[in-house]
Amino acid sequence: MLKRANELACLGLGLTGSNPIVGAVIVDSAGKIIGEGYHKSGPHAEVVALGQAGQLAKGATLFVTLEPCNHHGKTGPCAEAIIKAGITKVVYAMRDPNVLASGGAKALEAAGIEVEFNSEVIEIADSNRAWLHKIKNNRPYFIWKIATTLDGRTAAIDGSSKWITGPDSRAEVSKLRSESNAILVGTATALADNPNLIPRDQERMSKSNPVRIVMGLREIPSDFNLHNDAAETVFIRSHDFSELVEFCSERDFNQVFVESGSELGTALLKAGLIDELIIFQAASLLGSGQSFVGDLGATNIKEKMDFLIRDVAQFGNDLKITLTKETGI
C-alpha cells in the first residue's frame, strides 16, 4: 500500500510548488482500498483520500508516504482531519524533517490512533529527493540534462544539433521540465537556440509553467521566445552563482532543471552545484564537434569526477542515464 501511495505521490511532481510530494491510500478492515489521494496544491493527500472514503474511513487504516502534518498553513493540520475521520491506524514511510510541519505522529498517538513508521519502501525518499535536499542544504536540487552522441558530442562541428536524440527522449525531457520549479540556461544557449523552455505536453495545463532563468551578461533580443508570456522569465545578469542560489532559495524552489551548454554546465559542476546528471545518449557518432563538458581541471586519473549510476532506461533508440554524486543525496 505504501508503494501504491508513492505511485500516487509521483503524480504530483511539479504541482506542489515548494512542498513535498505526498500520496495516501485508505483501506478497510478487509484490505480493500476505499480512498486514495495525492498532493497537487490545495488539499493535502490525506484530506483528498479521506474525502473519497467518506464515512467508510471510520475504523480504517491510512497509508501515507510522509508523516501527516500538524500545523496550520494554507490548509489545516492533516493530523486533525485524520482524528476527526475516525481512522484507527496510520502507517507512514518518511518522517517530516520540516520542524514547522512535524509532530503529526505524536498528535495521532495522543488521540489513541495506532501509528507505525515503516521506511522499507526506499523509493519513497528517492521520489522526494529534491525536496529533502532543499530542506537539508538550504538550496534547490540542480539537475543538468544533456543530449549527446556516443562520443559525448552535443553539436556537430558546424554548430548544428537538432536533433541528436529522438522523439521519445524529447517527450521525456518535456515531462522532466514539468516536474521542475525552474529551468536554467545561459545566455549562450538562449542566443544560439532561441528556446521556449516550456513543457511541450498538455497534460499539466492546470499548473503554471516552470520559471525560466537566464544567466549571463549578454542581452537577449526582445523578439526572442524567452520574452513571451508562456512563462515567467528571470534574467540574472551575472556569473556569480551565489546570486543564482540566493534567488532560487528566496523563491523556495525544490528543483532546478539545467538545460545549458557546456560552459555553464561545467562551471556549475566545478562549483559543486550539480546534484544530478541526466544524459540522453543517442546511438550515433560524430567524431568531432562540441563536447558536453569542458575542462574540469583534472590533470591525472585520480582527479576524475565520479558519479553513481541511479538508473538506465531506453527511450526509442536512445539511452537515458541518470547519475548522482558519489557522496549520495
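Side-chain atoms of Asn128 do not come within 3.5 Å of backbone N or O of Leu132 as any donor-acceptor pair. Within the 3.5 Å criterion, the main-chain N or O of Ala230 finds a donor-acceptor partner in the side chain of Asn228. When atom types are taken as modelled, the side chain of Arg212 and the backbone of Ala231 share a donor-acceptor pair closer than 3.5 angstrom. A donor-acceptor pair is defined here as one N or O able to donate and one able to accept, closer than 3.5 Å; no such pair exists between the side chain of Glu116 and the backbone of Val91. At distances below 3.5 Å, not a single donor-acceptor pair connects side-chain atoms of Asn181 with backbone N or O atoms of Phe253. A distance-only check finds a donor-acceptor pair linking the side chain of Asn118 to the backbone of Glu120 [under 3.5 Å]. With hydrogens and angles disregarded, a donor-acceptor distance shorter than 3.5 Å links the side chain of Thr266 to the backbone of Gly294. Listed for the Gln290 side chain is no donor-acceptor partner under 3.5 Å among the backbone atoms of Ala155. Side-chain atoms of Asp28 come within 3.5 Å of backbone N or O of Ala30 as a donor-acceptor pair. Put simply, the side chain of Asn254 gets close to the backbone of Gly17: a donor and an acceptor are under 3.5 Å apart.
Arg139 is listed as a side-chain neighbour of Leu273, based on a closest heavy-atom distance under 4.5 Å. Counting heavy atoms from C-beta outward, Ile164 and Thr149 have side chains that approach closer than 4.5 Å. Side-chain contact between Ile198 and Arg177 is absent, with no heavy-atom pair separated by less than 4.5 Å. Under the 4.5 Å side-chain criterion, counting only non-hydrogen atoms from C-beta, Lys134 is in contact with Asp252. Between Glu172 and Ser169 there is no side-chain heavy-atom pair separated by less than 4.5 Å. Side chains of Val256 and Leu244 form no contact here, defined as non-hydrogen atoms less than 4.5 Å apart. The shortest side-chain heavy-atom distance between Phe241 and Leu268 falls under the 4.5 Å cut-off. Between Asp275 and Asn137, every side-chain heavy-atom pair lies at or beyond the 4.5 Å cut-off.
With ring centers used as reference points, His133 lies 6.0 Å or more from Phe142.
Shown here for Gly186 and Ser260, the closest heavy-atom pair between the two residues is N-CB, 4.2 Å. When every heavy atom of Ile21 is checked against every heavy atom of Thr65, the shortest pair comes out as O-OG1, 4.1 Å. Across all non-hydrogen atoms, the minimal contact from Pro20 to Leu66 is CG-CD2, 3.6 Å. Residues Ala9 and Val22 approach most closely at CB-C, 3.5 Å, considering heavy atoms. Counting all heavy atoms, side chain and backbone alike, Glu46 lies closest to Cys69 at OE2-N, 4.4 Å. Across every non-hydrogen atom of Ala190 and Leu226, the tightest pair is CB-CD1, 3.5 Å.
If you chain together hydrophobic residues whose side chains sit under 4.5 Å apart, Val173 and Ile183 fall into the same group. Residues Ile33 and Leu11 share a hydrophobic cluster, clusters being chains of Ile/Leu/Val/Met/Phe/Trp/Tyr side chains in contact below 4.5 Å. In the hydrophobic clustering of ILVMFWY residues, with side-chain heavy atoms under 4.5 Å counting as a link, Phe117 and Ile122 come out apart. Leu2 and Val25 fall within the same hydrophobic cluster, where Ile, Leu, Val, Met, Phe, Trp and Tyr residues are linked whenever their side-chain heavy atoms come under 4.5 Å apart, directly or through other members. By the rule that hydrophobic residues join a cluster once side-chain heavy atoms approach within less than 4.5 Å of another member, Leu176 and Leu197 end up as members of one cluster.
In this structure, Arg4 fails the cation-pi test against Phe63, since its NZ or CZ atom is not both closer than 6.0 Å to the six-membered ring centre and inside 45 degrees of the ring normal.
In this structure, Ile135 CD1 and Ser18 OG are separated by 8.5 Å, a value rounded to the nearest 0.5 Å. For the atom pair CG of Asp318 and CG of Asp168, the computed distance is 8.0 Å after rounding to the nearest 0.5 Å. To the nearest 0.5 Å, atom CD1 of residue Ile279 and atom CG of residue Leu319 are 10.5 Å apart. Annotation: the span from Ile321 atom CD1 to Gln314 atom CD amounts to 11.5 Å, rounded to 0.5 Å. Residue Met94 holds its CE atom at 5.5 Å from CH2 of Trp131, rounded to the nearest 0.5 Å. The line from CZ of Phe224 to CG of Leu191 is 6.0 Å long, rounded to the nearest 0.5 Å.
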Practice prompt. Evaluate the side chain to side chain contact (heavy atoms under 4.5 Å, CB included) criterion for residues Arg251 and Phe247: first the C-alpha distance (whole Å), next the side-chain angles of each, then the deciding distance (0.1 Å), finally the verdict.
Written response: CA-CA 6 Å; Arg251 295 290 293 265; Phe247 167 75; 3.7 Å; yes

Item to complete: Go through the steps to decide whether Ile26 and Leu56 satisfy the test side chain to side chain contact (heavy atoms under 4.5 Å, CB included), and finish with yes or no.
Response: CA-CA 9 Å; Ile26 301 174; Leu56 296 175; over 6 Å; no

Discussion item. Test side chain to side chain contact (heavy atoms under 4.5 Å, CB included) on Thr165 and Phe315; report intermediate values, then the result.
Written reply: CA-CA 9 Å; Thr165 53; Phe315 287 83; over 6 Å; no

Worksheet item: Step by step, would you call Glu80 with Lys84 a salt bridge (Lys or Arg N to Asp or Glu O under 4.0 Å)?
Response: CA-CA 6 Å; Glu80 185 178 296; Lys84 287 183 178 179; 3.5 Å; yes

Item to complete: Could you walk me through whether Leu184 and Cys248 pass the side chain to side chain contact (heavy atoms under 4.5 Å, CB included) test, one step at a time?
Response: CA-CA 11 Å; Leu184 170 67; Cys248 292; over 6 Å; no

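At most 12 non-hydrogen atoms from other residues, nucleotides or ligands lie less than 6.0 angstrom from CD of Glu263. More than 12 heavy-atom neighbours from other residues, nucleotides or ligands sit within 6.0 angstrom of CD on Glu250. For Leu217, the CG atom counts as densely surrounded, since its 6.0 Å shell holds more than 12 non-hydrogen atoms of other residues, nucleotides or ligands.
Defined by atom type and a distance below 3.5 Å, a donor-acceptor pair is present between the side-chain atoms of Ser180 and Gln255. No hydrogens or angles considered: a donor-acceptor pair under 3.5 Å links the side chains of Ser291 and Arg153. For Thr189 and Glu259, the side-chain atoms include no donor-acceptor pair closer than 3.5 Å.
Of the charged side-chain nitrogens involved, none lies within less than 4.0 Å of a carboxylate oxygen, so that Lys320 and Asp311 do not count as a salt-bridged pair.
Applying the 4.5 Å side-chain rule to ILVMFWY residues, one finds Leu285 in the same cluster as Leu150.
In this structure, His39 and His44 have perpendicular ring planes: the angle between them is above 60°, well past the 30° mark.
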